[in-house]
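The structure appears below as structure tokens.
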Amino acid sequence: LPAEHLRYRVWDALKPNLLLDVLPSGKKVFRLYFRHNGKPRFNTIGAWGTITLEQARALSTTQLGEAAKGIDLVDQKREAAREETHKRLLVLDTFLDEKYTPWAISNLKSGPESIKTIRRNFSWLLTTPMNKITVSALSKWQQAELKRGLKPATINRTLATLRGVLTKAVEHGLLPSNPITKVKDIN
């Protein structure tokens, strides 16, 4: 099927709810047409070349069965994508890269320095989901830093920087609350 100036659809003769969208770019995408609560919906099954027509037909039968049970396949896919994004952003390093760093650089006078501080002092936490950062782990870190000879004020400032990052994660809806608010400053 050749690409044209506008998108066009070709409906399958064997599966009346299956269609192939031919986009102006030449990309071809299998979609399932169904209704949810009376509204027409189109769920993307896969791209031509990634899956075959036979696979698209089989998947459309399965998905049409789910739609008949009242499941909105489009919303289900969006929710799965939101959950995946949430899970990915929960990792401290990813959150720093994608959300906190751009915000800190444009809103904090010490933004770049704060990022360096987090990465230098909490490198052991970068691959940890933020909801798994514990009070006990940070209390142990405080004690280790004291033994290393750092002053309490330095340790407290460094910890405050991490608290700020986690507070921003709460504002983004990634965490219900800051998991380290109960970590006490060293006197």
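Everything numeric in this text was worked out from a predicted model, so none of it was measured. All values below come from the heavy atoms of this structure, side chains included, with hydrogens, waters and symmetry mates left out.
- Distance check, rounded to the nearest 0.5 Å: NZ of K184 to CD1 of I180 gives 13.5 Å.
- In this structure the side chain of N178 reaches within 4.5 angstrom of the side chain of R163, judged on heavy atoms.
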Intermediate values then yes/no, side-chain contact (heavy atoms from CB on, under 4.5 Å), L162 and N121: CA-CA 9 Å; L162 181 61; N121 292 285; over 6 Å; no
Using residues 13-27 as the side-chain source, report each donor-acceptor pair under 3.5 Å to any protein atom, sequence neighbours left out, with the distance given to one decimal.
from: K15; atom 1: NZ; to: T61; atom 2: OG1; distance (Å): 2.6
from: N17; atom 1: ND2; to: Y33; atom 2: O; distance (Å): 2.7
from: D21; atom 1: OD1; to: R9; atom 2: NE; distance (Å): 2.7
from: D21; atom 1: OD2; to: R31; atom 2: NE; distance (Å): 2.4
from: S25; atom 1: OG; to: K27; atom 2: N; distance (Å): 3.3

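- Contact annotation: the side chain of L126 approaches that of L96 to within less than 4.5 Å [non-hydrogen atoms, C-beta and beyond].
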Stepwise side-chain contact (heavy atoms from CB on, under 4.5 Å) test for R157 and T117: CA-CA 10 Å; R157 268 193 313 277; T117 298; over 6 Å; no
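- Separation of atoms OG (S60) and CZ (F30) is listed at 9.5 Å; rounding is to 0.5 Å.
- Contact of the I155 side chain with the K151 side chain is not registered, since no non-hydrogen atoms from C-beta on lie closer than 4.5 Å.
- Atoms OG1 and CZ, on T158 and R120 in that order, are 7.5 Å from each other to the nearest 0.5 Å.
- I115 CD1 to T101 OG1: the interatomic distance, rounded to the nearest 0.5 Å, is 3.5 Å.
- Using a distance-only test at 3.5 Å, with no hydrogens or angles considered, no donor-acceptor pair links the side chain of E113 to the main chain of S110.
- Looking at T154, its side chain never comes within 3.5 Å of a backbone N or O of L150 through a donor-acceptor pair.
- Ring-plane geometry between F95 and H172 is classed as perpendicular, the angle between the planes exceeding 60 degrees on a 0 to 90 degree scale with a lower cut at 30.
- Evaluated for a salt bridge (Lys or Arg N to Asp or Glu O under 4.0 Å) with D72, the options R35, K77, R41 yield exactly one hit, R41.
- Within the 4.5 Å cutoff, the side chain of P152 has no heavy atoms near those of the D185 side chain.
- Two residues are said to be in side-chain contact when any heavy atoms from C-beta on lie closer than 4.5 Å; V29 and W48 fail this criterion.
- We find the CZ-CG distance between R88 and L174 to be 10.5 Å, quoted to the nearest 0.5 Å.
- Sequence neighbours left out, the pairs with a member in residues 122-134 that pass side chain to side chain donor-acceptor pair (under 3.5 Å) are T134-S136.
- Of the possible donor and acceptor atoms, none in the side chain of T50 sits under 3.5 Å from a partner among the backbone N and O of G46.
- With sequence neighbours excluded, no residue forms a side-chain hydrogen bond (donor to acceptor under 3.5 Å, both in side chains) with T62.
- The shortest side-chain heavy-atom distance between Q76 and E66 falls under the 4.5 Å cut-off.
- A pairwise comparison of heavy atoms in V170 and P176 identifies CG1-O, 4.1 Å as the closest pair.
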Trace of the side-chain contact (heavy atoms from CB on, under 4.5 Å) decision for D12 with R57: CA-CA 9 Å; D12 188 25; R57 285 176 175 157; 2.7 Å; yes
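- To the nearest 0.5 angstrom, L125 atom CG is 12.0 Å from R119 atom CZ.
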CA sep, side-chain torsions, deciding dist, call: V165, L92, side-chain contact (heavy atoms from CB on, under 4.5 Å): CA-CA 9 Å; V165 171; L92 180 59; 3.9 Å; yes
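- Residue I105 is not grouped with residue W103 when hydrophobic side chains (ILVMFWY) are merged at heavy-atom distances under 4.5 angstrom, including chains of intermediate members.
- Within the 4.5 Å cutoff, side-chain heavy atoms of W141 are placed close to those of F122.
- Between the K28 side chain and the L1 main chain, a donor and an acceptor come within less than 3.5 Å of each other.
- Put simply, the side chain of T85 does not reach to within 4.5 Å of the side chain of R82, judged on heavy atoms.
- F42 and L32 fall into different hydrophobic clusters, where Ile, Leu, Val, Met, Phe, Trp and Tyr side chains are chained together by heavy-atom contacts under 4.5 Å.
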Test salt bridge (Lys or Arg N to Asp or Glu O under 4.0 Å) applied to K168 and E171, step by step: CA-CA 5 Å; K168 191 53 72 178; E171 290 174 16; 2.7 Å; yes
